[in-house]
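Shown next, in structure tokens, is the structure this report addresses.
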Amino acid sequence: MSKISKLFKGSSSSSGSSSKSKQHRSKGGPSPQEAIHRLRETEEMLTKKQDYLEKKIEQEIATAKKHGTRNKRAALQALKRKKRLEQQLTQIDGTLSTIEFQREALENSHTNTEVLKNMGFAAKAMKHAHQNMDIDKIDDLMQDITEQQDVAREISEAISGPFGEQFDEDELLAELEELEQEGLQESMKSMGGLPSVPSSKLPSSQPTHRATTKKRAEDDDDMRMLASWAT
């Protein structure tokens, strides 16, 4: 192999290695945090430039007013400088809007990436937690728990139920009523039964006509006696 071919081979191999290293760096790329930080720095720099331009515009306006019609050339030069400064200020406003939009999009992308990363981490943890769990065993366990709960409820009902012989309350009330009737009948027999109703008509409680006439005559005699005493 000639020296020239070796030279070209070496240059090609070096260029290939350099291109590979560039590709490797491009694949790695800056982190989202670094890019966001640089965008914020650029925003701060442009904001300061805005403040500077606004002050310069005010100065040029003051210069134009100062010269006025007495020195038109100086006044016109000041107004031209003001126009150029205003154009720069307009360009900076557009640039800031673009940078702000890019920064917000990058922040949202970074947030979504972190959210997805955490969700993937949680999914792996859940998978690891369920790794040793068998659905059939879980169903059997839940069935056993349900059966034991039923047994415990039956035991509680048995313990809390009434203890001893059971009687029908309606039958007891009926028997008590019969005993009361028998006791009432025996009391009546011991008293000789019910009193007999008289067959003859009872005398009237109103006074007779004869008694009324006699009382009226006695009242008249009393009145005449009182009249004689008065005379």
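All values derive from a computational prediction rather than experimental measurement. Start at 1 with the first residue, then count along the sequence.
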**Study point:** Single-linkage hydrophobic cluster V151~I159, side-chain heavy atoms < 4.5 angstrom
**Key:**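 Yes, V151 connects to I159 through the hydrophobic network.
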Exercise for review: Give a yes or no on whether L79 and L53 share a hydrophobic cluster (residues Ile, Leu, Val, Met, Phe, Trp, Tyr; joining criterion: side-chain heavy atoms under 4.5 Å apart).
Suggested key: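 Not linked; separate clusters.
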Contact check, side chains of [X] and [Y], non-hydrogen atoms, under 4.5 Å:
X    : Y    : answer
I145 : M142 : yes
K65  : I61  : yes
Q143 : E147 : yes
K83  : E86  : yes

[atom2] on [Y] to [atom1] on [X], rounded to 0.5 Å:
X    : Y    : atom1 : atom2 : result
D51  : L89  : CG    : CG    : 9.5 Å
Q59  : L85  : CD    : CG    : 9.5 Å
Q148 : I155 : CD    : CD1   : 8.5 Å
E41  : I99  : CD    : CD1   : 11.5 Å
R40  : T47  : CZ    : OG1   : 12.0 Å
I36  : E104 : CD1   : CD    : 11.0 Å

Exercise for review: List the steps and the verdict of side chain to side chain contact (heavy atoms under 4.5 Å, CB included) for L46 and Q50.
Suggested key: CA-CA 6 Å; L46 292 175; Q50 275 184 329; 5.8 Å; no
Exercise for review: Give a yes or no answer on whether the side chain of N71 reaches the backbone of H67 with a donor-acceptor pair at less than 3.5 Å.
Suggested key: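 Absent.
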Review point. Within the distance-only criterion (no hydrogens, no angle test), does the side chain of S109 pair as donor or acceptor with the backbone N or O of A105 below 3.5 angstrom?
Key: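 Answer holds: no.
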Tell me whether [X] is salt-bridged to [Y], with the criterion being a basic N under 4.0 Å from an acidic carboxylate O.
X    : Y    : value
D140 : K137 : no
E107 : R103 : yes
R38  : E34  : yes

Exercise for review: Any chance you could lay out the side chain to side chain contact (heavy atoms under 4.5 Å, CB included) test for R81 and R84, step after step, and finish with the verdict?
Suggested key: CA-CA 5 Å; R81 289 192 296 269; R84 290 195 298 269; 3.1 Å; yes
**Study point:** Shortest non-hydrogen contact from G68 toward A75
**Key:**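 Distance-wise, the nearest heavy atoms are O-CB, 3.8 Å.
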Point to revise | For A64 against A78, the heavy-atom pair lying closest together | key: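 The answer is N-CB, 3.9 Å.
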Review point. So does E114 have more than 12 non-hydrogen atoms from other groups sitting under 6.0 Å from CD?
Key: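 Yes, CD of E114 has more than 12 neighbouring heavy atoms, counting only those of other groups under 6.0 Å.
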Point to revise | Neighbour count above 12 (heavy atom, 6.0 Å) for E175 CD | key: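 Incorrect, the count does not exceed 12.
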Point to revise | Q33-H37 side chain donor-acceptor pair, cut-off 3.5 Å | key: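 No, no side-chain donor-acceptor contact under 3.5 Å.
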